[in-house]
Structures are given as C-alpha cells and as structure tokens.
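These values consider heavy atoms only, across backbone and side chains, with no hydrogens, waters or symmetry-generated copies.
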Amino acid sequence: MNLRPVIERELICEARNPANYLLRVIAAAALLFTGGLYLLEDAAVNQQWQGLLLFQRMNLVILLTIFVLVPILAADAIAREKREGTLGLLFLTPLKAREIVIGKCLIHGLRSLTVLIATAPMLALPVMMGGVSISQLLSTIAYDLSALCVALAAGIHASVRQTEWFRAVAAALLMSFGLSFLFWTCAIPIQRLTYQAAPIIPLVVSALWLVFGPLILWRFIETSAGWLARNWSREITRSPEPQWVSLFANSPFWRGVFRWNKSRALDRNPVAWLQERSWTGRLTKWGWLLLVLASIPLGGCFGSWNMDYTSWLNGLGLLLVAGISFTATSTFRQERETGALELLLVTPLTANQ
C-alpha cells in the first residue's frame, strides 16, 4: 500500500494544529478534576478498595471521552477533502480509496491516542493507592484501546458518508452512541468477571478486546472504502439533499409558518438576521423552544421513578448550554468557510457586536 504520502501530509497538518495540544491538557485536567472530587468525598470505603473505585471512575471518564471526542475528531477527516475539492486530487494520484481511508484512520487514531497517553500519569494515582492489580490494569487498557477503534470507525464512516461538517459530526455521534451501547452491553459482564476471577482470565479477555476492536474498525474501513470509491465523484459536485429538507423547503405550508419580516429584523439586529436568514435557522430556534416546553412537564412524570425534578431541570440546562455552544461554533465555522465573516468585518459593525 502506498500510504506514506497520505500519512506525511496529515502529520504535517496536524502538527501545526494548536487544538491538539489543548485537547491533551483538557483530558488530563478532566481526570485531575475527577480524582480531586473523589478525594474530597467523605465516603466510608475500605482503604484497599479506594484505589480500585477511583480507577473505575477515572476509566469511566476516559470511555465517555473516547466515545464523544474521537468521533468528532475523525468526522471531518474525509468530509473536509470533499468540501475543499482536494479529494479529486487525491484520486488523481496512484492512491486508492482504501489507502486514503486507512491513512486517515491511522492519523486520527494516533491523534486520539496521544490524548489518552496524556491521561496516563493521572491513572497512576489509583494504582499507587492500591487495589488495582496488573491483570486488571492490562484488561482496562485493552478495553480502552478497543473502544478507541470502535469510536474511530464511527467517525471515519460518517466522514465518508457526509460532506458538511455539522452533518458529519451529528452522524458520527449518533453512530458512536449506538455502538457504545452495544459495546457496553457486551462488556459489563465481562469486566465484572475480570475483577473477580483468576488472574489468567483478565489476560485472556485483554487479548479478546485487542482483537474485537480492530476487527470492527477494519470492517468499517472496508465498507467506507467501497462507498468512497463508488460515490466520491458525485458527492464532490453536489451534496445529496435529504428528503426532510425538501419537505420543509418546498412546502408552501411550512414556508408560510416560518415566514418573517426580513427588513425589520435587518434594521433591528443585522447579526440576528444573518443567523435566521435561512429556514433551517428558524426551524432550529423553534425546535429548541418546543423541546424545552415539552421537557419541563415531562420531568414532573419522573417523580414516580425516584428522580429529582431539580436534577432533571439542571440536566436540561446543561443540554441547552451544550446546544448553544455547538451552534455558535458551527455558525462561526460556516461563516469563515463561506467568506461571510470577512463581509461582516468591513461593515460598520464592530468585532464585539
């Protein structure tokens, strides 16, 4: 395989990206924060089990990071090549679709692996506290590497199937959540067995995890490479429009529902007009409003399930904050790609506005 040009090109691009260094600091800080909260808790736990409980809690944070962060990092691997028009240039070279996908997987797998390596010194704390055996440590490392392969498979497959960054990330997260549910369903009884059985069994389970994750990744690589070889020329010319988009965009009823006074909004707040000039932006705004209105009375039904209503509202607030942050990031990214941000900077609007 002629993977060297792809790997060298991606390594040079990622080495110049300052976000990679920031991600490692954030990952290490998250584990430090988790360990600090655990040490501040006044839990009546036997001393020999405190290290194991802290290790399990830190590993849970690592797994959540893997299944959320890795798909986001890999979701724009090939979709960006489609948007920038460089995917056709890659196919003009002797590279094949499988080699392109494998090269992207290797680079983004290495990128994600460096984030996990940055958390290794934090995991030394529960090991030093005691209660964590070598076989349990090796089994957990193998389990995390297998989860990394599964999350990477979701991100790469979504990147091949989508073109826009927002859709690629959304598809990658949905696929990652589905795979993580199946992954944890199979892993929970096995992980319990590794903490209670003889030392030889965790080593066997570790070997199985090291085979299970790469097999899933290789299967997704084959599927993604086949899709890319068949559809790359069509997708770089025009992104396929989903059926629900045509339903809302071409329907006279929905166009009348989301009709608004553009001239008044432009005079009152030009930035708000820019964010809501499309029907998708207005649909997103009203969709969030309906979600909040439907979630508040729904949370009151959880009283019979021993769930605190205040905790439900706090979780809803965190969901809104995450949605606002994600939307703000995607809109800035879209305006930079389309050149709308440069047009805003030459208007009488200031940077703060």
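To the nearest 0.5 angstrom, W218 atom CH2 is 9.5 Å from C105 atom SG. Rounding to the nearest 0.5 Å places CD1 of I156 at 12.0 Å from CD1 of I100. Atom NZ of K104 sits about 14.0 Å away from atom CD of E99, to the nearest 0.5 Å. To the nearest 0.5 Å, atoms CG (L123) and CG (L116) are separated by 9.5 Å. Here the straight-line distance linking atom CG of L152 with atom CG of L106 works out to 9.0 Å at 0.5 Å rounding. Between R167 atom CZ and R161 atom CZ the span is 13.5 Å, to the nearest 0.5 Å.
Using modelled atom types, one side-chain atom of R83 and one backbone atom of T163 make a donor-acceptor pair closer than 3.5 Å. Between the side chain of S159 and the main chain of G155, no donor-acceptor pair closer than 3.5 Å is present. Remark: the backbone N or O of I107 is not paired with any side-chain donor or acceptor of R111 at under 3.5 angstrom. Of the possible polar contacts, one joining the S176 side chain to the F67 backbone as a donor-acceptor pair under 3.5 Å is found. Looking at S146, its side chain never comes within 3.5 Å of a backbone N or O of A142 through a donor-acceptor pair.
I141 pairs by the side-chain contact (heavy atoms from CB on, under 4.5 Å) definition with L137, L145, not counting sequence neighbours.
Annotation: R80, atom CZ; neighbour count of heavy atoms from other residues, nucleotides and ligands within 6.0 Å does not exceed 12.
Residue pairs meeting the side chain to side chain donor-acceptor pair (under 3.5 Å) criterion with at least one member in residues 118-132: none, sequence neighbours excluded. Sorted by first then second residue, the ring-ring contact (aromatic ring centres under 6.0 Å, His included) pairs that include residues 86-139, not counting sequence neighbours, are F91-W232.
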